[in-house]
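Here's the structure we're looking at; comments come further down.
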Amino acid sequence: MSKKYDKLGNDVFNKVEKINSELFTLTYGALVTQLIKDYEDIEQVNIKLEQMGYNIGIRLIEEFLAKSGIGRCSDFIETAEVIAKVGFKMFLGVNAHVGDWDANRKEFHLTIEDNPLIDFVELPDQYKHKLYYSNILCGVMRGALEMVQMKVKCTFVKCTLSDDSTSEIKVVLEEVLSDMIPVGYD
Amino acid sequence: MSTFTFLIIGKNDNPLYEIEFPITVQKKETYVLQYIAHGSLDIVEEHVWKSNNMYLKIIDKFNKVQISSFVTAGHIKFLLLHEKKDEDAIKNFFVEVHDLYLKILLNPFYEYNKPITSTAFDAKVRKIGTKYF
């Protein structure tokens with residue numbers, strides 16, 4: 001299953017339009033530093049980044065489904081593979097790995113290899129373990145999955161900027177939203 | 001044994017970074033060196049407009065101390081105070097530090113023309129310095 005999505009991820013990545021990665025990285029850097037200046041409270045910045053990501057996610061899922069041609073996933077394990085192998089590859093051009101499943105198969109850790117958002121970035125000491133610089137990614141995943149009836153919670157557990165060895169996002173499936181039937185149709 | 005002092009000077013002649021090679025040498029007479037470096041800044045300014053290159057070679061002398069300089073496109077000055085003359089090594093050193101400096105500039109948390117406090121930068125400059133001097 002993983003192989004299939006590996007290939008699909010590469011195919012879609014080759015198809016989509018690319019932009020200069022430095023422009024992308026610097027734009028995101030400017031955004032984060034501006035947020036820090038505006039809010040002054042790091043916790044607020046994390047929240048804001050997540051919300052921005054959410055707004056991106058609920059749009060991006062349409063594009064994702066249209067370009068990749070992926071249908072409904074059979075279970076959450078497959079969903080995780082699709083996010084890691086196709087989603088991250090398609091939009092960020094990086095590989096991500098799924099691991100550390102819990103017993104109920106409702107929680108996993110996503111490890112991101114060379115995250116392009118953090119190129120050149122060096123966090124000042126006072127922000128380490130406080131600011132989740134790439135928190136926008138958490139929001140994107142939450143927004144995208146919500147549009148396909150999955151309510152998840154994403155949190156950064158490790159970040160290379162805070163001297164951890166890898167960047168890891170914990171994704172927890174909270175509930176599968178039932179398809180809503182409009183009033184009067186039952 | 002001859003020592004090398006490397007300084008990065010900002011746009012308004014404010015110091016951004018300073019290091020001495022070889023690193024084991026005890027700091028002494030630093031203020032003299034700073035005084036010499038400061039005195040040469042005006043001469044750097046003169047040379048900047050005479051050359052198309054960023055590397056300006058030896059621009060000034062004070063007793064035994066020679067001063068080489070390198071000026072980035074953003075008018076950040078790199079100065080190297082040295083007693084031995086070894087242009088190739090100095091040039092390569094400047095070019096490599098310039099590369100590092102560019103990376104620092106791309107860091108969104110670094111403000112232009114502010115002192116460089118990054119430990120990673122410091123470690124890499126030390127490495128380059130020990131390689132050449």
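A note on names: the letters A, B, ... follow the listed sequences, proteins ahead of strands, and every chain is numbered from 1. If you're wondering where the values come from, they're calculated on a predicted model, not measured in any experiment.
- The part of A:L131 that comes within reach of chain B is its side chain, from C-beta onward, which places non-hydrogen atoms under 4.5 angstrom from that chain.
- Across every non-hydrogen atom of B:I116 and B:Y17, the tightest pair is O-CD1, 4.0 Å.
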Scan chain B against chain A and return every donor-acceptor pair whose distance is under 3.5 Å.
residue : atom : partner : partner atom : Å
B:N107  : OD1  : A:E122  : N            : 3.4
B:N107  : ND2  : A:E122  : O            : 3.3
B:S118  : OG   : A:E122  : OE1          : 3.1
B:S118  : OG   : A:E122  : OE2          : 2.6

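- Pairing each heavy atom of B:P115 with each of B:P15, the nearest pair is CG-O, 4.2 Å.
- With a 4.5 Å cut-off on side-chain heavy atoms, B:D60 and B:V65 do not count as touching.
- Between A:C154 and A:I169 the shortest heavy-atom distance is CB-CG2, 4.0 Å.
- Residue with the most contacts toward chain B among A:V32, A:V121, A:L123: A:V121 (heavy-atom pairs, distance under 4.5 Å).
- You'll find the side chain of B:F78 stays beyond 4.5 Å of the side chain of B:F93, heavy atoms only.
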Considering only distance and modelled atom types, tabulate donor-acceptor pairs under 3.5 Å from the side chains of residues 36-49 of chain B, sequence neighbours left out.
residue : atom : partner : partner atom : Å
B:S40   : OG   : B:A37   : O            : 2.8
B:E45   : OE2  : B:K77   : NZ           : 3.3
B:H47   : ND1  : B:I43   : O            : 3.0

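- Aromatic ring centres of A:F91 and A:F13: separated by at least 6.0 Å.
- When heavy atoms are compared at a cutoff of 4.5 Å, A:I36 approaches chain B solely by way of its side chain, counted from C-beta outward.
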